[in-house]
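Have a look at the structure below, then the notes.
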Amino acid sequence: MTALGTFVQVPWSARTVTTDLAKSTPHSALSANGAPMTASQISLEVEQALSSIPFVDIHTHLFAPSFGNLGLWGIDELLTYHYLEAEFFRHSAMAPENYWPLSKIEKAELIWRTLFVENTPISEATRGVIAVLNAFQLPTGHSALPEARAFFQKQDRETHIQRVLQMAGISSVVMTNDPLDPEESPHWMKGAASHKQFHAVLRLDRILCTWHDHWQAVVAQGYAVDPHASGKSVSEVRRFLADWCKRMQPVYMACSLPDTFEFPSDNVGGRLLQEAVVPACRELGLPLSLMIGVRKQVNPRLRLGGDAVGRADLRCLENLCRDFPCNRFLVSVLSRENQHELCVLARKFNNLMPFGCWWFMNNPSIVEEIARERIEMLGTSFIPQHSDARVLEQVIYKWANTRRTLAPILSASYRLLSEDGRTITRSDIQRDVTRLFRSNAETWMNLQPRS
Ligand code: FIX
Ligand code: ZN
């Protein structure tokens with residue numbers, strides 16, 4: 001038995017059934033605060049810290065209950081996740097054009113049969129669905145789908161959300177809110193109810209990346225801007241941002257950027273970033289989150305699943321952090337080749353906070369590599385992970401995977417430190433895990449620490 005296997009699969013709220021070793025080794029013997037620990041006691045303390053400290057999920061595409069059906073949940077949404085659709089098209093001869101017109105249930109049935117019956121669900125994304133079913137003690141075999149569908153259909157949204165966040169071991173999530181999204185903005189315009197566990201973010205891709213397609217939507221909301229963002233467009237965009245910040249109370253502003261992103265740049269996006277967004281963030285005391293390295297729609301036939309990755313020139317970040325020392329930048333990069341550079345830049349600029357293993361980086365083998373490198377270069381001054389969940393129950397497996405992957409890496413770091421001559425205490429581990437998965441994010445997002 002690996003303590004880890006049992007540990008990860010145990011629903012967060014049933015913490016009392018943590019590993020047998022924990023049960024058999026009374027806590028006081030393990031490490032009364034300040035007492036030195038053995039290697040296996042270190043591993044156990046790390047596992048207990050990871051399973052007992054609720055995390056803050058700094059980037060998701062989840063929605064608070066008041067946003068109704070914008071919030072995705074349940075087995076059919078889990079199966080039609082764009083990660084699984086991309087994998088489906090690898091296994092199926094079906095042309096995407098014949099797939100999109102199908103109903104949600106028809107798509108889910110097709111994906112279940114192709115990826116979970118005709119093939120073994122060993123990819124990270126397919127394994128995730130199995131882990132979710134298992135967490136609810138639902139069957140996971142070939143014929144599991146009808147019972148799963150019936151189970152999720154029976155759930156009440158608000159109660160289910162509470163239960164899922166608890167099972168995932170997260171106390172709050174950060175949403176992704178687009179002020180120009182025609183389905184979402186009406187919710188805010190009529191005063192969407194705030195929710196203490198769902199924090200808003202002002203997402204600005206349509207402003208900074210595709211202004212030419214969306215400047216009219218800004219005009220439609222009452223701001224005098226033009227296609228070239230000339231004249232008083234910049235001050236109008238500042239007004240737009242200020243109004244939306246009043247409406248949303250965001251914890252940061254955010255934008256995903258292509259691998260070709262450059263800064264400074266005198267294209268419309270570059271000017272709006274420099275003259276409107278960065279100053280607004282500084283004035284409002286908000287961090288700016290930049291997620292760099294996406295190559296949008298390299299295969300548009302796959303829709304959301306059609307995006308890819310490219311290595312970015314991170315001098316853009318160097319210039320931003322150096323030229324705007326009073327701004328804080330929360331940054332995640334999509335390319336594996338950019339991870340090391342990001343760590344180095346974070347050593348140069350304390351207004352730069354690396355966070356998460358974004359999207360194609362969110363695979364255990366790569367998360368391991370990134371986490372080790374960051375611990376070695378940044379200690380605990382980074383945010384290891386975010387879930388990027390698009391469907392509610394995904395937080396269960398994405399955070400279980402993160403706990404499973406990070407536990408041996410953290411334990412190994414402490415073992416090395418103890419071999420080098422420093423006694424590790426239980427409170428050291430509790431403080432560090434709290435910092436990595438809670439207080440770094442809370443501090444940067446001006447969130448009150450949970451009492
Ligand atoms: O830009 C983003 O926030 C990305 O995370 C998404 O666009 C992407 O589709 C995704 O779901 C990644 O996990
Ligand atoms: Zn995302």
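For ligands, and for the atoms within them, numbers begin at 1 and follow the listed sequence. The figures here come from the full heavy-atom set of this structure, side chains too, leaving out hydrogens, waters and symmetry mates.
Side-chain atoms of Asp388 and His59 form a donor-acceptor pair, as typed in the model, at a separation below 3.5 Å.
Here the heavy atom of the protein found nearest to atom 10 (C) of ligand 1 is His82 NE2, 3.5 Å. Tyr83 OH, 2.5 Å is the protein heavy atom nearest to atom 13 (O) of ligand 1. For atom 4 (C) of ligand 1, the closest heavy atom belonging to the protein is Trp358 NE1, 3.5 Å. Closest to atom 2 (C) of ligand 1, if we only count protein heavy atoms, is Arg203 NH2, 3.3 Å.
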Point to revise | Pair Ser265-Asn267, side-chain hydrogen bond (donor to acceptor under 3.5 Å, both in side chains): steps then yes or no | key: CA-CA 6 Å; Ser265 145; Asn267 64 26; 3.1 Å; yes
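Excluding waters, the set of protein N/O/S atoms under 2.8 Å from the Zn ion (ligand 2) reads His59 NE2, His61 NE2, Asp388 OD1.
The heavy atom nearest to atom 7 (O) of ligand 1, out of those in Gln394, Met291, Arg390, is found in Arg390.
Not less than 6.0 angstrom separates the ring centroid of Trp73 from the ring centroid of Phe152. Checked against the 6.0 Å centroid threshold, His386 and Phe437 do not count as a close aromatic pair. In summary, the aromatic rings of Phe63 and Phe198 are positioned with their centroids too far apart to meet the 6.0 Å limit. Aromatic ring centroids of Phe89 and Tyr99 lie under 6.0 Å apart. Residues His214 and His212 place their aromatic rings such that the two centres sit no closer than 6.0 Å.
For ligand 1, the atoms sitting less than 4.0 Å from at least one non-hydrogen atom of Ser256 are 1 (O), numbered in the order shown with element in parentheses. Set against the non-hydrogen atoms of Asp388, the atoms of ligand 1 under 4.0 Å away are 5 (O), 12 (C), 13 (O). Close approach of ligand 1 to His59 (heavy-atom distance below 4.0 Å) involves ligand atoms 3 (O), 5 (O).
Ser439 contributes no side-chain N or O that, together with a main-chain N or O of Glu442, makes up a donor-acceptor pair within less than 3.5 Å. When atom types are taken as modelled, the side chain of Glu147 and the backbone of Leu138 share no donor-acceptor pair closer than 3.5 angstrom. Checking side-chain atoms of Gln394 against main-chain N and O of Val391 turns up a donor-acceptor pair under 3.5 Å.
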